[in-house]
Structure formats: C-alpha cells, structure tokens
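The structure appears right after this line, and notes come after that.
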Protein chains: 2
Amino acid sequence: METNRFRTLISEGRLKATKQREKILNIFLKSSGHQNLAQIYSQVAKENPKIGYSTVYRTLKLLTRFGMAAQRKFVDGETRYEPIAGGSHHDHLVCLDCGNIIEFENETLEILQNNIAQQYRFKISHHRMELYGRCADCELKKEIRRRKR
Amino acid sequence: METNRFRTLISEGRLKATKQREKILNIFLKSSGHQNLAQIYSQVAKENPKIGYSTVYRTLKLLTRFGMAAQRKFVDGETRYEPIAGGSHHDHLVCLDCGNIIEFENETLEILQNNIAQQYRFKISHHRMELYGRCADCELKKEIRRRKR
DNA sequence: CTTAATGCAAAAACTTTGCAGTAGA
DNA sequence: TCTACTGCAAAGTTTTTGCATTAAG
C-alpha cells in the first residue's frame with residue numbers, strides 16, 4: 001500500500017507522519033489525477049477545513065521529492081499534480097474541447113525514446129508525451145451540432 | 001519571410017502593424033527559442049528601452065494566436081515561448097543538468113501518434129514529446145569528475 | 001478622424017516563506 | 001523534552017488589465 005511506502009520514507013528522513021499529511025496523501029491518491037493545487041486543497045478542506053493551503057502545498061512538494069507525485073504542466077498552463085504509481089509509465093491524451101485527460105501506455109514509445117536518445121548521445125531518465133486534439137465524445141457532439149444546422 | 005506573413009495576418013484582422021510589434025517579432029524570431037517572457041523583454045529593452053513589458057506580453061500572445069509562437073512549459077515550471085517555423089514539427093531533449101534544450105525531428109513519432117489516436121478514437125491536432133535526461137556534454141563532465149576522485 | 005496599440009502602474013493570480021503555537025517521536 | 005509541522009498572514013513572483021495618451025490606417 002502506498003501509505004506504508006510514505007510512512008517508511010517519512011521515518012527514513014526523520015520527518016513526522018502527521019494526520020494532515022496522511023489525509024492529503026489519501027485524497028491525492030484517490031483523486032482522478034491531473035488536479036491543480038487549488039483543486040486538491042478544496043477536496044482536503046471539504047473533509048477537514050482546518051488544514052491550511054500551505055500544508056497542502058508543502059505536502060505535495062514533499063510527495064514530489066519522494067517520487068510519489070509529479071508536477072505536470074499541459075498547454076493550458078495549469079500546474080497539475082499526478083500520483084505516480086510504482087513502475088508503470090503512462091502518457092496523456094488531452095482533449096482541447098472539454099479538457100479531459102486520458103492516460104495511455106505504449107511500449108513502442110519507450111523503444112522509440114531510446115533510439116532517439118542514442119542518436120543524440122543523450123542519457124534518458126524519462127520522457128513525457130502528450131497528444132492534443134478532440135476526444136470521441138466531443139467529436140460526436142460536434143457532429144450532432146453540425147447536423148442540426 | 002515571416003515578417004510578411006505577420007503583416008498579412010495583422011491586416012486581415014484589421015489590426016495595426018506597429019514598430020514595437022515588428023521589433024518584438026524580429027528579436028523573437030532571431031532568438032534561440034525557449035525563452036521566457038522576461039528574457040525576451042530584456043532583449044527587446046536592450047534595443048529599445050521605451051517598449052514596455054506589457055507590449056511584449058501582448059505581442060507574444062498575438063503571435064501565439066497567429067500560430068507563429070507557442071507557449072511551452074517544461075518540467076522546471078518556466079513558461080517559455082518558441083517560434084513556430086511553418087510546417088516542420090520538432091520535439092525536445094531537455095538536459096536536467098545544464099538545462100539545455102535540443103530540438104529533434106522524428107517521423108516515426110508522427111506515425112505512432114496517429115496509431116495511438118486511432119486506438120482511442122481521438123482526433124489529433126498536434127503532439128508534444130519531451131525526453132529528459134543528461135546531454136553528452138554533461139555526461140562527459142560527470143565522467144571526468146568521477147575519474148578525478 | 002477613428003480606433004487599435006502602447007506604457008505605465010496597479011490589480012489579480014499564483015507560489016513561497018517567516019514565525020509563533022502545536023503536536024509527533 | 002526536542003524538533004519538525006501547521007496555519008495564518010504576509011511577501012514574493014508572474015501574469016493580466018484599466019486607462020489616458022499616442023500613432024497607424
């Protein structure tokens with residue numbers, strides 16, 4: 001369980017496992033991912049309004065340091081946080097109409113990444129790929145709208 | 001020439017071609033790319049200190065609307081602007097040590113993008129791929145440092 | 001002339017931090 | 001106890017905007 005991993009990392013760093021941190025972690029892990037700080041904070045506040053914005057901010061920073069969260073920025077400029085599940089890497093399809101973000105995994109991409117890196121004598125640690133466009137739902141809606149005219 | 005394209009778009013929109021806009025455009029096009037607003041502004045200010053920060057801001061926004069510039073955010077969180085040369089699409093290798101950004105083009109990537117899109121019934125408009133790691137120079141420097149120890 | 005663009009300064013929107021009080025280890 | 005953590009408020013940053021003035025069409 002992720003919570004245990006968190007506790008281990010906390011004690012290894014001689015830090016403290018507080019109820020605020022655990023609450024934030026749980027909400028963050030349960031979340032849909034791709035939320036910005038304000039969104040995460042508002043969920044936390046719903047369950048415990050006593051927890052301050054800066055605690056959420058600092059906890060997410062801590063989780064990032066622990067490799068349990070990643071800060072991402074998509075083209076809309078929003079800084080969002082996403083939980084990192086151990087191991088599996090995924091990329092994103094971003095719908096420019098409704099803003100929905102779909103995750104996908106692709107092995108070929110991983111291979112391609114290595115080929116490109118080799119070409120430039122780059123030592124890759126990780127990559128990030130985002131495909132922007134219109135999702136099936138929005139495309140359908142657009143079709144329907146078109147027919148009504 | 002890009003300047004002509006700019007002038008056409010300006011007049012099509014019944015906007016005005018000012019010397020400020022042209023100066024900013026020229027500096028931006030000549031630039032190395034991947035600069036943030038403050039960096040672009042400081043270059044502009046060097047040549048004409050009368051031009052204000054907001055004019056640079058608004059011009060870059062205009063260029064983005066025109067499809068002549070793109071706002072990009074890498075993992076360091078910086079918002080940077082990059083000139084879009086007509087047609088050719090490229091992606092980025094980002095060195096986590098020195099911060100250098102190398103551009104590359106890859107056809108396979110374009111094909112892969114379409115395959116993935118099809119799988120999710122996504123209608124792709126564009127993509128973005130970034131490879132993070134250590135560039136050849138930094139890797140070499142690290143090697144040398146290691147040997148000295 | 002008419003209307004968009006500029007430059008300044010100020011507002012807004014985020015992020016980050018200092019510090020006194022609180023609570024884990 | 002001892003030291004890290006929290007919450008608040010305040011300070012930074014960066015991005016946007018209102019408005020009187022200027023200049024392009």
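Residue numbers start from 1 in every chain, and the chains themselves are labelled A, B, ... in the order their sequence lines are given, proteins ahead of strands. Not measured: the values here are computed from a predicted model. These numbers come from the heavy atoms of this one structure, side chains and all, not from hydrogens, waters or symmetry mates.
The residue B:Arg21 sits close only to the backbone: its heavy atoms come under 4.0 Å of sugar-phosphate atoms, none of a base. In this structure, A:Ala38 reaches neither bases nor backbone, as no heavy-atom distance under 4.0 Å exists between it and the strands shown. Residue contacts for B:Ile51: at a heavy-atom cut-off of 4.0 Å it reaches the sugar-phosphate backbone alone, with no base atom in range. Across all strands, B:Ser11 comes closer than 4.0 Å to no nucleic acid atom at all (heavy-atom distances). Using a 4.0 Å heavy-atom criterion, one finds that A:Thr18 contacts the sugar-phosphate atoms exclusively.
No N or O donor and acceptor, one from the side chain of A:Thr79 and one from the base of C:dC14, sit under 3.5 Å apart. Residue A:Arg14 places no side-chain atom within donor-acceptor reach of the base of C:dG24, judged by atom type and a 3.5 Å distance cut-off alone. Scanning atom types as modelled, no donor and acceptor separated by under 3.5 angstrom connect the side chain of A:Thr55 and the base of D:dC5. Judged by distance alone, with hydrogens and angles left aside, B:Lys50 brings no side-chain donor or acceptor close enough to the base of C:dT6 to form a pair under 3.5 Å.
Under 4.0 angstrom from either OP1 or OP2 of D:dT15 there lies no side-chain N or O belonging to B:Tyr57.
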With side-chain contact (heavy atoms from CB on, under 4.5 Å) as the test, would you mind laying out the steps for A:Arg134 and A:Lys142 before giving the verdict? CA-CA 10 Å; A:Arg134 188 179 292 127; A:Lys142 204 190 144 205; 3.4 Å; yes
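Distance from the side chain of A:Lys16 is smallest to C:dA23 among D:dT17, D:dA24, C:dA23.
Using the six-membered ring where Trp is involved, A:His127 and A:His89 have ring planes that are perpendicular, over 60° apart on the 30 and 60° scheme.
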